[in-house]
Engineer: 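After the structure tokens below, expect a handful of questions from me.
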Amino acid sequence: MADENNPLGYKSENFAVRIIKLCDMLYTKNNGVLARQLLRSGTSIGANVAEGQAGQSVPDMLSKFKIAEKEARESKYWLKLLLRSNGISKETYVGFVCELDEIISMLVASCCTLSAKKGNLSS
């Protein structure tokens, strides 16, 4: 279980758990194709955050966090398709997208910090 003192890891892991539960429900409603895509991208965010936080170097960490950000943006896309195809409610959509926006903001901030460190290391 992610440490609450690690906000990015904690939020991304909790998001993955919520995505797993949502996708389980979607499978029972015959939305398997979109559920598989969302499950893959939604759980990948936390996996890449965990890998990044254990990175061997600043560039390694930066790469993993950028991948996590891309996966978060992809997850927003699948959620939008589910909303538009009536697979999820507007309320569910808004809840997940707000959570993703927080995670994306944290990832962008982390990438900016890491990019600055990377620049300082090469000076």
Engineer: Please find the pair of heavy atoms, one from M61 and one from G52, that lie closest to each other, and give the distance.
Structural biologist: CG-O, 2.8 Å
Engineer: Which pair of heavy atoms, one from L34 and one from S85, lies closest together, and at what distance?
Structural biologist: CD1-OG, 4.1 Å
Engineer: Do you know which two heavy atoms are closest between S44 and E71, and how far apart they sit?
Structural biologist: OG-CG, 3.4 Å
Engineer: Before you tell me yes or no, could you show the steps for Q53 and N6 under side chain to side chain donor-acceptor pair (under 3.5 Å), namely the whole-Å CA-CA distance, both residues' side-chain angles and the distance that decides it to 0.1 Å?
Structural biologist: CA-CA 10 Å; Q53 290 176 333; N6 172 359; 2.8 Å; yes
Engineer: Can you get from I104 to L114 by hopping between Ile, Leu, Val, Met, Phe, Trp and Tyr side chains that sit under 4.5 Å apart?
Structural biologist: no
Engineer: So which heavy atom on E51 is nearest to which on K64, and how close?
Structural biologist: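 Shortest heavy-atom contact: OE1-CE, 3.2 Å.
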Engineer: Can you measure from CG (L62) to NZ (K117) and round to the nearest 0.5 angstrom?
Structural biologist: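 If we round to the nearest 0.5 Å, L62:CG and K117:NZ are 11.5 Å apart.
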Engineer: Can V33 be reached from Y93 by stepping across I, L, V, M, F, W or Y side chains whose heavy atoms are under 4.5 Å apart?
Structural biologist: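 Looking at the clustering, V33 is in a separate group from Y93.
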Engineer: Do L38 and I67 share a hydrophobic cluster (ILVMFWY, side-chain heavy atoms under 4.5 Å, transitive)?
Structural biologist: no
Engineer: Should the pair K70-E74 be classified as a salt bridge under the 4.0 Å nitrogen-to-oxygen rule?
Structural biologist: no
Engineer: Which is it for I88 and L26 under the side chain to side chain contact (heavy atoms under 4.5 Å, CB included) test, yes or no, and what are the steps along the way?
Structural biologist: CA-CA 8 Å; I88 58 174; L26 289 171; 4.0 Å; yes
Engineer: Can you hop from V58 to L107 via hydrophobic side chains spaced under 4.5 Å?
Structural biologist: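 Yes.
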Engineer: Mind checking whether D101 and K76 have side chains closer than 4.5 Å, heavy atoms only?
Structural biologist: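 They are in side-chain contact.
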Engineer: Are L79 and L100 close enough, and set up right, to give a side chain to side chain contact (heavy atoms under 4.5 Å, CB included), and what steps lead you there?
Structural biologist: CA-CA 11 Å; L79 287 163; L100 278 169; 3.7 Å; yes
Engineer: Of E102, M106, E13, which meets side chain to side chain contact (heavy atoms under 4.5 Å, CB included) against L8?
Structural biologist: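 Exactly one pass, corresponding to M106.
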Engineer: Determine whether V94 and C98 satisfy the following criterion, side chain to side chain contact (heavy atoms under 4.5 Å, CB included), listing intermediate values before the conclusion.
Structural biologist: CA-CA 6 Å; V94 168; C98 286; 4.0 Å; yes
Engineer: Shared ILVMFWY cluster between L83 and L81, side chains joined below 4.5 angstrom?
Structural biologist: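 Shared cluster, yes.
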Engineer: Counting only heavy atoms from other residues, nucleotides and ligands, does the tally under 6.0 Å from OH of Y77 exceed 12?
Structural biologist: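 Not buried by this count: 12 neighbours or fewer within 6.0 Å.
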Engineer: Roughly how far apart are K29 NZ and L82 CG, rounded to 0.5 Å?
Structural biologist: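 Interatomic distance, K29 NZ to L82 CG, rounded to 0.5 Å: 9.0 Å.
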Engineer: Are any non-hydrogen side-chain atoms of S75 and I45 less than 4.5 angstrom apart?
Structural biologist: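 When only atoms from C-beta onward are counted, I45 and S75 do touch, with a gap below 4.5 Å.
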Engineer: For residues A35 and C23, report the shortest heavy-atom separation together with the two atoms involved.
Structural biologist: O-SG, 3.3 Å
Engineer: Quick one: does any side-chain atom of S115 pair with a main-chain N or O of C111 as donor and acceptor, under 3.5 Å?
Structural biologist: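 Indeed, once roles are kept as given, a pair shorter than 3.5 Å links the two residues.
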Engineer: Before you tell me yes or no, could you show the steps for D24 and T28 under side chain to side chain contact (heavy atoms under 4.5 Å, CB included), namely the whole-Å CA-CA distance, both residues' side-chain angles and the distance that decides it to 0.1 Å?
Structural biologist: CA-CA 7 Å; D24 281 347; T28 63; over 6 Å; no
Engineer: If I take atom CZ from residue F65 and atom OG1 from residue T113, how far apart are they, to the nearest 0.5 angstrom?
Structural biologist: 10.0 Å
Engineer: What distance separates I20 CD1 from L39 CG, expressed to the nearest 0.5 Å?
Structural biologist: 6.5 Å
Engineer: Can you see which heavy atom on G42 is nearest to which on F15, and at what distance?
Structural biologist: O-CD2, 3.8 Å
